[in-house]
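In what follows, a single structure is set out as C-alpha cells and then discussed.
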Amino acid sequence: MAASLHTAPADHPVQTSPTAAVTDGRLSLDARLAAVEAAMTVRLEEAAVAHEVRTAHIDTTPVDLADVVTVPLTPAPQAPPQTYTTPVAALLERAQHRMETGGWCAGASVDENGAVCLVGAIRAQTGGDRALEADAASVLLDAIRRRFGDHIDSVPEFNDRFGSGHTPARMLGEAASMADAKGL
C-alpha cells in the first residue's frame with residue numbers, strides 16, 4: 001500500500017478558557033462555584049423560613065438600647081501623664097498630651113476647633129509663665145534640629161511643614177525626654 005500524503009490532525013486535548021461553562025462534559029470551576037453559591041442561598045433561605053416558623057409563637061417585646069446601654073455621651077477627659085518631674089520636661093509632656101487629645105493644627109496657635117500647633121500646645125500648658133514657655137520652646141527647637149537638621153529656623157516653621165500632627169507630637173515627646181536628661 002502506498003502511504004497517503006494527507007495526514008489527519010493529531011488528537012490533542014482541547015484548551016478551553018477558564019470561563020467556559022462546560023468542557024468535555026464537566027463544569028468549569030466558575031460554574032461549579034456559582035452552582036454551590038445558588039444551592040447555599042436556597043438552603044439559607046429555607047433555614048430562615050424554618051426559624052421563623054419555629055419561633056413565631058414566642059412573644060417578645062423590643063428592647064430599647066437606651067435602657068440597657070449606659071455610657072457617658074462624652075468620654076471623660078484623660079489625665080495627662082506625669083512621667084517627668086523637671087519643669088520643662090513635664091511641660092513638654094503635658095503639651096504632647098494636649099496635642100494628642102485636643103488635635104493638631106497648622107498656621108495658627110489654636111484653631112476654631114481647639115486644635116493646637118506646637119507653640120500653642122506649650123502655651124496652653126504654661127499657665128502664663130513666659131520664661132518656662134521660652135525654655136520649653138528652646139529645648140523643642142534643639143530636639144527638632146537634632147532630628148531634622150540645622151536648617152529649621154523656628155518651631156512654627158517646623159510645625160507648618162506637616163499634614164498631620166503625628167511628627168510634631170512625637171517631637172514634643174522627644175524634647176521632653178531630652179529636657180529630663182538635661183535636668184530642665
Side-chain angles (χ1 to χ4, degrees), residues 30 33-34 37 40-41 44-45 47-48 51-52 55 58-184:
D30 289 339
L33 288 174
E37 181 183 8
M40 288 303 297
T41 301
L44 288 171
E45 289 173 353
H51 176 73
E52 289 293 323
T55 59
I58 300 173
D59 186 31
T60 59
T61 57
V63 176
D64 184 11
L65 290 181
D67 295 335
V68 178
V69 180
T70 56
V71 295
L73 295 177
T74 58
Q78 297 177 354
Q82 297 176 351
T83 308
Y84 303 110
T85 57
T86 59
V88 173
L91 168 62
L92 289 165
E93 182 180 43
R94 289 192 313 270
Q96 179 184 18
H97 178 74
R98 168 68 171 84
M99 183 178 283
E100 289 172 344
T101 57
W104 169 85
C105 71
S109 293
V110 180
D111 73 2
E112 64 276 356
N113 297 323
V116 292
C117 73
L118 286 167
V119 173
I122 292 170
R123 188 167 291 149
Q125 299 300 315
T126 61
D129 187 345
R130 293 291 185 170
L132 183 60
E133 179 183 333
D135 290 343
S138 176
V139 171
L140 178 58
L141 185 58
D142 287 345
I144 290 169
R145 286 180 174 162
R146 282 186 183 192
R147 171 78 60 189
F148 294 95
D150 290 333
H151 66 281
I152 306 294
D153 292 327
S154 68
V155 173
E157 173 198 341
F158 174 79
N159 181 80
D160 293 348
R161 287 181 176 205
F162 294 94
S164 76
H166 179 73
T167 301
R170 185 174 46 112
M171 289 312 302
L172 283 168
E174 287 184 25
S177 177
M178 196 167 99
D180 186 58
K182 291 181 175 182
L184 299 176

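It should be emphasised that the depicted structure is a prediction, and the values quoted were computed from it without experimental measurement.
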How long is the span from the [atom1] atom in [X] to the [atom2] atom in [Y], to the nearest 0.5 Å?
{"X": "Asp135", "Y": "Ile122", "atom1": "CG", "atom2": "CD1", "result": "10.5 Å"}
{"X": "Thr83", "Y": "His97", "atom1": "OG1", "atom2": "NE2", "result": "11.5 Å"}
{"X": "Thr126", "Y": "Arg94", "atom1": "OG1", "atom2": "CZ", "result": "8.5 Å"}
{"X": "Leu92", "Y": "Leu132", "atom1": "CG", "atom2": "CG", "result": "8.5 Å"}

**Prompt:** What pairs with Gln96 under side chain to side chain donor-acceptor pair (under 3.5 Å), at least two apart in sequence or on another chain?
**Reply:**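 With neighbours one apart ignored, the set is Glu100.
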
Which pair of non-hydrogen atoms, one from [X] and one from [Y], has the smallest distance, and what is that distance?
{"X": "Gly165", "Y": "Met99", "answer": "O-SD, 4.2 Å"}
{"X": "Ala106", "Y": "Asn159", "answer": "CA-ND2, 3.7 Å"}
{"X": "Asp153", "Y": "Arg145", "answer": "O-NH2, 3.5 Å"}
{"X": "Thr86", "Y": "Ala89", "answer": "OG1-CB, 3.1 Å"}
{"X": "Cys105", "Y": "Ala115", "answer": "SG-O, 3.5 Å"}
{"X": "Ile152", "Y": "Glu157", "answer": "C-OE1, 4.2 Å"}

**Message:** Using modelled atom types and a 3.5 Å cut-off, is there a donor and acceptor pairing between side-chain atoms of Ser138 and backbone atoms of Ala134?
**Reply:**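 Pair absent, no side-chain N/O of Ser138 close to backbone of Ala134.
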
**Request:** Describe, in one word, how the ring planes of Phe158 and Phe148 are oriented to each other, choosing from parallel (under 30°), tilted (30 to 60°) and perpendicular (over 60°).
**Result:**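 Phe158 vs Phe148 ring planes: tilted.
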
**Message:** A quick test of your reading: do over 12 heavy atoms of other residues, nucleotides or ligands sit less than 6.0 Å from CZ of Arg146?
**Reply:**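 Not more than 12 within 6.0 Å, no.
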
**Request:** State whether the number of non-hydrogen atoms from other residues, nucleotides or ligands found under 6.0 Å of His51 atom NE2 is greater than 12.
**Result:**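 It does not: His51 NE2 has 12 such atoms or fewer within range.
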
Atom pairs and distances, donor-acceptor, side-chain atoms in residues 166-183, under 3.5 Å, two or more places apart:
unit_1, atom_1, unit_2, atom_2, d
Glu174, OE1, Arg147, NE, 3.3
Glu174, OE1, Arg147, NH2, 2.9
Glu174, OE2, Arg147, NH2, 2.8

